[in-house]
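Chain identifiers are assigned alphabetically (A, B, ...) following the order of the sequence lines, protein sequences preceding nucleic acid strands; residue numbering begins at 1 within each chain. None of the values given here were measured: they were computed from a predicted structure.
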2 protein chains.
Amino acid sequence: MSTAIKTFAARGYYGTSTMDVATAAGISQGYLYRLFKDKPTLFAALIDYCSDRLRESVAVAAASVRGTDPEAALAALTASYDDVIADRDVLMILLHAQGSASEPVIGEALRRCYARQVEYIRSVSGASDAQIRRYFADALLSNVVVAIDADTIDAPWARTLRA
Amino acid sequence: MSTAIKTFAARGYYGTSTMDVATAAGISQGYLYRLFKDKPTLFAALIDYCSDRLRESVAVAAASVRGTDPEAALAALTASYDDVIADRDVLMILLHAQGSASEPVIGEALRRCYARQVEYIRSVSGASDAQIRRYFADALLSNVVVAIDADTIDAPWARTLRA
DNA sequence: CACTAATGAGATTGGTTACTCACTTACATG
DNA sequence: CATGTAAGTGAGTAACCAATCTCATTAGTG
């Protein structure tokens, strides 16, 4: 499962063949189709997996700030998000998923992921709509910074985009 | 050029064949390879085109707020950004490009686009790093909302994500 | 031991892909 | 008219892809 994520993370849904995934996972392509109905279903399963990882991370961070005000709680969640995307794979899957959302099964999985995340964050932080929106906006900017390697570039524009 | 954008916008770099693009543009696939060296070069050209569109849009909005304070200027720019992504194609190209940034030619084009945009916005608005970062974070959230069709969904999480 | 179900590999199929190339048309300019 | 060249085509090729089908191995059960 995590090998599949690594594989898809590199070149996305369309850019990765089922053979690539099977080889990386050390199984035959045929067996892959016994484990998953088809390619969209496989990719959607990876999104669900990433969704779980994100939720776990939020849960851990939320436990340590129970009872504080929403603003401080969100700050802690943002910090934990930066931890999750540090390994770059979960992040890239979500990023690629956005581009493959026209595939129905994938689009649904992605919307499920966002829905879950928004409501969970709302419930543990008690934040307002505007605050939650800011949280996601910051997270998405972090995504892009990592995706385009702006975090390793020493230029004014890159320094501006990262905090 | 704009037909190529429409085509790639639907399924991204890896999900769109050069044949798809040629057919949509009403030319033969062979001629496409006379116009562009190879597939990555073609896609990078589209990114440059989108970069130009974005810059134009910023230029127009900036002209009408010359001399005001940075905060108000940025607000105007954000509004103009929402106009640009209204047609959804430019937006989708940029979104897909993030997922194809591992392709060297594409990654470079994308970084060029961001660099240009950041510095241009800085120069016309005089905004601080933090303000510029907020501008981009908001823009990226708008991107995602459109990409996952959250703007047409009537659910609490979707309403939270859009302003 | 015999029977069955799960787990796995390999070959195959029908279709698509990026990219090339030999060839034509149209339009110049001397 | 001749000659050069830009604009354009259609048929290829070799590789690759998702998906399925067949066959071998293992494990468990009675």
Please report the distance, rounded to the nearest Å, between [atom1] in [X] and [atom2] in [N].
X	N	atom1	atom2	result
A:D20	D:dC17	CG	C1'	10 Å
B:I27	D:dA6	CD1	P	18 Å
B:L32	D:dT9	CG	P	11 Å

**OP:** Could you grab the distance from atom OG of A:S100 to atom OH of B:Y14, nearest 0.5 Å is fine?
**Re:** 11.5 Å

**OP:** Answer yes or no: are there more than 12 heavy-atom neighbours, outside B:R111 itself, under 6.0 Å from its atom CZ?
**Re:** yes

Subject >> Neighbour count above 12 (heavy atom, 6.0 Å) for B:R133 CZ >> reply: yes

**OP:** Using a cut-off of strictly less than 4.0 Å between a heavy atom of the residue and any atom of DNA chain C, enumerate the qualifying residues of residues 95-107 of chain B by number.
**Re:** none

Original post:
Across the strands shown, which category fits B:S28 at heavy-atom distances under 4.0 angstrom: base, sugar-phosphate, nothing?
Top reply: base

Original post:
Between residues 5-16 of chain B and DNA chain D, which residues have a heavy-atom gap below 4.0 Å?
Top reply: none

Original post:
Base, backbone or nothing for each nucleotide of nucleotides 19-28 of chain C, written B, S, -, heavy atoms under 4.0 angstrom, 5' to 3'?
Top reply: BBB-------

Subject >> side-chain hydrogen bond (donor to acceptor under 3.5 Å, both in side chains): pairs with one or both residues in residues 67-78 of chain A, sequence neighbours excluded >> reply: A:E71-A:Q131

Original post:
Taking NZ, NE, NH1 and NH2 as the nitrogens, is one of them in B:R159 or A:D129 under 4.0 Å from a carboxylate oxygen of the other?
Top reply: no

Original post:
Is any side-chain heavy atom of B:L54 closer than 4.5 Å to a side-chain heavy atom of B:Y120?
Top reply: no

**OP:** Determine, stepwise, if the pair A:S17 / A:D20 fulfils side-chain hydrogen bond (donor to acceptor under 3.5 Å, both in side chains).
**Re:** CA-CA 5 Å; A:S17 71; A:D20 290 340; 3.3 Å; yes

Original post:
Out of curiosity, does A:V60 fall in the hydrophobic cluster containing A:L91 (side-chain heavy atoms, cut-off under 4.5 Å, transitive links)?
Top reply: no

Subject >> Option from A:V90, A:L77, A:V84 for which side chain to side chain contact (heavy atoms under 4.5 Å, CB included) with A:S57 holds >> reply: A:V84

Original post:
Name the one of A:R122, A:R116, A:Q117 that satisfies side chain to side chain contact (heavy atoms under 4.5 Å, CB included) with A:E119?
Top reply: A:R122

**OP:** Under the ring-ring contact (aromatic ring centres under 6.0 Å, His included) rule, collect the residues that match up with A:F43, sequence neighbours excluded.
**Re:** A:F8, A:Y13

Original post:
Should stems be defined as at least three consecutive Watson-Crick or G-U pairs with both distances under 3.5 angstrom, which of them involve DNA chain C?
Top reply: C:1-30 with D:1-30

**OP:** Mind telling me whether B:Y135 and B:Y81 have parallel, tilted or perpendicular rings, with 30° and 60° as the class edges?
**Re:** perpendicular

Subject >> Shortest non-hydrogen separation from B:Q98 to A:A147 and the atoms involved >> reply: O-CB, 4.2 Å

